[in-house]
Amino acid sequence: MGQVLGYGRSQLPILARYSYGVGHVLNDLCAAMWFSYLLVYFHSVLQFSNVMAGYVMLLGQISDAVCTPLVGYESDNTAGRCRYGNRKSWHLVGTACVLVSFVFIFNPVLFGAPAGKNAEDWAQFIYYAPFVVIFQFGWATTQISHLSLIPELTRCESERVGLNAIRYSFTVMSSVFVYGMTWLLLSRSNESITTAAPPSPNDCDHDGDSVSTSLTNNIPEFRKLSFIVIGVGAFFSIVFHIGTKEKCLDTESDEAAEKRRRSNSEPMNWTDWLKESQFYQIAVLYMSSRLMVNVSQVYIPMYVTDTLNLDKESIAIVPLIIYISGWLSTFLQKLVNKVIGRKMTFFLGAVIFLGGCDWLWCDDIGHQVYGAAVLLGAGGSTVLVTSLSMTADLIGQNTESGAFVFGAMSFTDKLSNGIAVVIIQHIHPCQTSVCCEACEWFYQGVVVLVPGCAALLALFMLLTLVPIQIGHRTGRTSDDRITTDIEDGINGTVSPLPPTLSVNTDDEDTGLLIKNSRQNGYVKGMGSPTDYGAIVQ
């Protein structure tokens with residue numbers, strides 16, 4: 001009797017791993033500007049009201065949330081173009097959309113034309129809206145196609161963690177680059193973060209009629225930064241497309257089907273995922289992880305300037321420390337995952353992150369914020385990489401619908417972030433570009449309570465996953481199908497048999513008749529119902 005063959009564990013070449021890792025750099029550079037500086041730019045530079053600036057971000061997050069599952073579904077069900085890989089084809093489309101739209105978001109209307117400068121907030125919102133939607137469609141397309149490549153590039157769990165770690169390392173380095181360039185550009189400017197003493201809450205104009213010149217003269221710096229981001233991102237996108245090889249779907253389908261048979265899993269479409277309880281558990285876990293990191297990233301710049309009253313360069317230095325600490329932690333995550341497992345690694349990261357939130361809750365911490373930033377970076381990096389690895393574990397060998405899964409996870413992430421930001425902007429105590437004293441406690445509460453509650457929600461969802469093996473399907477497996485096929489054969493019916501399987505029996509007269517090939521695999525019962533064969537490779 002033969003033995004069932006196991007998985008091969010071929011290692012990806014180092015160049016392949018790192019060429020894959022740089023494929024998200026354009027998105028990472030743009031995301032660092034989007035989350036850290038969009039509200040600062042629209043509120044303090046363009047002098048939008050807090051609420052209107054929040055609506056710009058909400059529009060982007062909703063666009064991203066809607067696009068991600070749709071792009072994921074289409075990516076799973078369309079073939080590549082011109083013999084180009086399916087995932088890479090979508091990545092190329094997304095990259096083009098980001099390149100043509102992003103610079104318009106971080107530039108004044110019509111690049112500072114007089115007609116645009118004097119327009120009302122709502123008119124400028126209409127101008128920016130198409131560019132925001134195109135950018136978010138491109139961002140979502142690039143993200144989903146890049147993430148869905150991981151389960152297809154390797155079946156080894158530790159190597160998937162390694163790819164996620166490399167990917168996140170470049171995310172961190174991209175953010176470090178953005179914050180470093182921001183610090184360099186702003187440090188060359190003589191503008192201060194505010195030019196007026198903070199008014200009292202009673203003096204604050206909640207209708208948004210009053211404005212300030214706090215950062216209005218820094219428009220050229222943000223313009224330069226947007227062009228630098230696009231140029232660097234385009235270069236690394238070219239490296240990704242040259243160095244990453246993806247098999248076309250038509251040449252990979254037989255191999256993928258064989259992998260699924262060996263891994264004891266059935267093909268799944270998007271409706272099958274909706275029946276899996278783990279799908280929703282991982283979605284909440286991933287959403288909470290992104291809320292922890294993104295809300296901190298959005299409001300840390302306002303916290304350090306309006307609550308701690310640090311100088312304007314701090315809006316680059318503090319996020320810089322967060323991402324450097326996160327980057328350094330990625331070098332340990334593969335080892336930690338191997339030693340204590342996915343779930344304990346996630347737990348450790350969440351606890352470290354909560355420690356950083358607790359530190360920020362202390363009054364007048366001043367430059368101690370840099371220590372809290374280290375904890376936020378290490379903890380946030382750990383939960384993000386681990387949650388992505390859990391998502392890849394959930395997909396397993398079902399890479400035929402992997403893009404939909406990543407798209408659905410991103411849907412919950414983007415929608416929750418957009419809703420959270422617009423709610424925070426609506427309850428903001430001051431609607432002018434010069435913040436009042438009430439803003440000091442407000443931003444402190446935002447950077448502590450919102451990410452902290454998201455971390456607690458993530459830990460609760462992790463608790464529900466403790467007794468569960470991630471990736472185990474509640475539906476019927478391929479073993480169930482094979483057993484049914486053999487029983488049908490014993491009863492005299494003809495059923496298809498997976499081409500890599502054969503059936504042995506010791507009774508040549510009453511045994512099962514096998515016809516086994518890639519095109520035809522049939523089992524026909526010729527003996528009594530007790531003549532079961534042994535399934536072997």
How many angstroms lie between atom OG of S289 and atom CG of L462, to the nearest 0.5 angstrom? 9.5 Å
Could you tabulate the donor-acceptor pairs under 3.5 Å formed by side-chain atoms of residues 377-386, not counting sequence neighbours?
| residue | atom | partner | partner atom | Å |
| --- | --- | --- | --- | --- |
| S381 | OG | G326 | O | 3.0 |
| S381 | OG | S329 | OG | 3.1 |
| S381 | OG | Q333 | NE2 | 2.9 |
| T382 | OG1 | A378 | O | 2.8 |
| T386 | OG1 | T382 | O | 2.7 |

Check whether the ring centres of Y37 and H43 lie less than 6.0 Å apart, and answer yes or no. no
Under 6.0 Å between ring centres: does that hold for Y303 and Y443? no
Flag, side chain of W90 to backbone of T141, donor-acceptor distance under 3.5 Å: no
Qualifying residues under salt bridge (Lys or Arg N to Asp or Glu O under 4.0 Å), relative to R17, sequence neighbours excluded: none
May I have all residue pairs that pass side chain to side chain donor-acceptor pair (under 3.5 Å) and include part of residues 58-71, sequence neighbours excluded? W34-Q61
Is any side-chain heavy atom of L376 closer than 4.5 Å to a side-chain heavy atom of V293? no
Ring pair (Phe, Tyr, Trp, His ring centres under 6.0 Å) test vs Y128 passes for just one of F42, Y55, W122, F104, namely F42
Would you compute the distance between atom CG of L394 and atom CG of N398 and round it to the nearest 0.5 angstrom? 9.0 Å
Report yes if some heavy atom in the side chain of L39 is under 4.5 Å from a heavy atom in the side chain of F48; otherwise report no. no
Counting only heavy atoms not in F347, do more than 12 sit closer than 6.0 Å to its CZ atom? no
R87: salt bridge (Lys or Arg N to Asp or Glu O under 4.0 Å) partners, not counting sequence neighbours: D76, E152
Over all heavy atoms of both residues, which pair between F353 and A455 is shortest? Give the atoms and the distance, please. CD2-CB, 4.4 Å
Can you confirm if the aromatic rings of F106 and F102 lie within a centre distance of less than 6.0 Å? yes
Under 4.5 Å between any side-chain heavy atoms of V447 and C357, yes or no? no
Work out which heavy atom in I395 is nearest to a heavy atom in W273; give both atom names and the distance. CA-CH2, 3.8 Å
Apply side-chain contact (heavy atoms from CB on, under 4.5 Å) to S325 and list each qualifying residue two or more places apart in sequence or on a separate chain. V374
By ring pair (Phe, Tyr, Trp, His ring centres under 6.0 Å), F236 pairs with (sequence neighbours left out) none
Is T307 reaching over with its side chain to a backbone N or O of V304, donor-acceptor style, under 3.5 angstrom? no
Interatomic distance, OG@S288 vs CG@L456, rounded to 0.5 Å, equals 10.0 Å
Aromatic ring proximity, centroids under 6.0 angstrom, Y179 and Y323: yes
Grab the two heavy atoms, one from G366 and one from L308, that are nearest each other, plus how far apart they are. O-CD1, 3.8 Å
State whether the side chain of Q278 and the backbone N or O of Q469 hold a donor-acceptor pair below 3.5 Å, judged by distance alone. yes
Heavy-atom neighbours of Y280 OH exceed 12 at 6.0 Å: yes
Suppose we screen for ring pair (Phe, Tyr, Trp, His ring centres under 6.0 Å). Which residues come up paired with F35, at least two apart in sequence or across chains? none
CZ (F279) with more than 12 external heavy atoms under 6.0 Å: yes
Are there more than 12 heavy atoms of other residues, nucleotides or ligands under 6.0 Å from atom CH2 of W327? no
Quick one: side-chain contact (heavy atoms from CB on, under 4.5 Å) partners of T95, sequence neighbours excluded? L26, H91, L99, T142, S237
Residues that W359 engages under ring pair (Phe, Tyr, Trp, His ring centres under 6.0 Å), provided they are two or more places apart: none
Counting distance only, does the side-chain N/O of N27 pair as donor-acceptor with the main-chain N or O of W139 below 3.5 Å? yes
Run Q136 and V66 through side-chain contact (heavy atoms from CB on, under 4.5 Å) and show every step you take. CA-CA 10 Å; Q136 291 293 351; V66 171; over 6 Å; no
Under the side-chain contact (heavy atoms from CB on, under 4.5 Å) test, residues paired with V239 that sit two or more places apart: V22, F235
Assess whether side-chain contact (heavy atoms from CB on, under 4.5 Å) is satisfied between L186 and I315, documenting all intermediate values. CA-CA 10 Å; L186 291 180; I315 69 174; 3.7 Å; yes
Please walk me through it: do H428 and F442 pass ring pair (Phe, Tyr, Trp, His ring centres under 6.0 Å)? CA-CA 7 Å; H428 197 288; F442 177 76; 4.9 Å; yes
H146 and F406 aromatic centres sub-6.0 Å: no
Of all heavy-atom pairs between L291 and A420, which one has the smallest distance, and what is that distance? CD2-CB, 4.2 Å
Under the side-chain contact (heavy atoms from CB on, under 4.5 Å) rule, collect the residues that match up with S174, sequence neighbours excluded. V25, D28, L29
Candidate pair V298 and M57, rule side-chain contact (heavy atoms from CB on, under 4.5 Å), full reasoning: CA-CA 10 Å; V298 169; M57 178 165 280; 4.2 Å; yes
Non-hydrogen atoms of P301 and S36 that approach each other most closely: CG-O, 3.5 Å
Just do the side-chain contact (heavy atoms from CB on, under 4.5 Å) check on I105 and Y41 with the steps written out, would you? CA-CA 10 Å; I105 298 174; Y41 180 75; over 6 Å; no
Using the test salt bridge (Lys or Arg N to Asp or Glu O under 4.0 Å), find all partners of D121 that sit at least two apart in sequence or belong to another chain. none
Looking at I166 and G21, what are the two nearest heavy atoms and their distance? CG2-CA, 3.9 Å
Would you confirm whether K343, through its side chain, and L465, through its main-chain N or O, come within 3.5 Å as a donor-acceptor pair? yes
Short question: side chain of S49, backbone of M52 - any donor-acceptor pair under 3.5 Å? yes
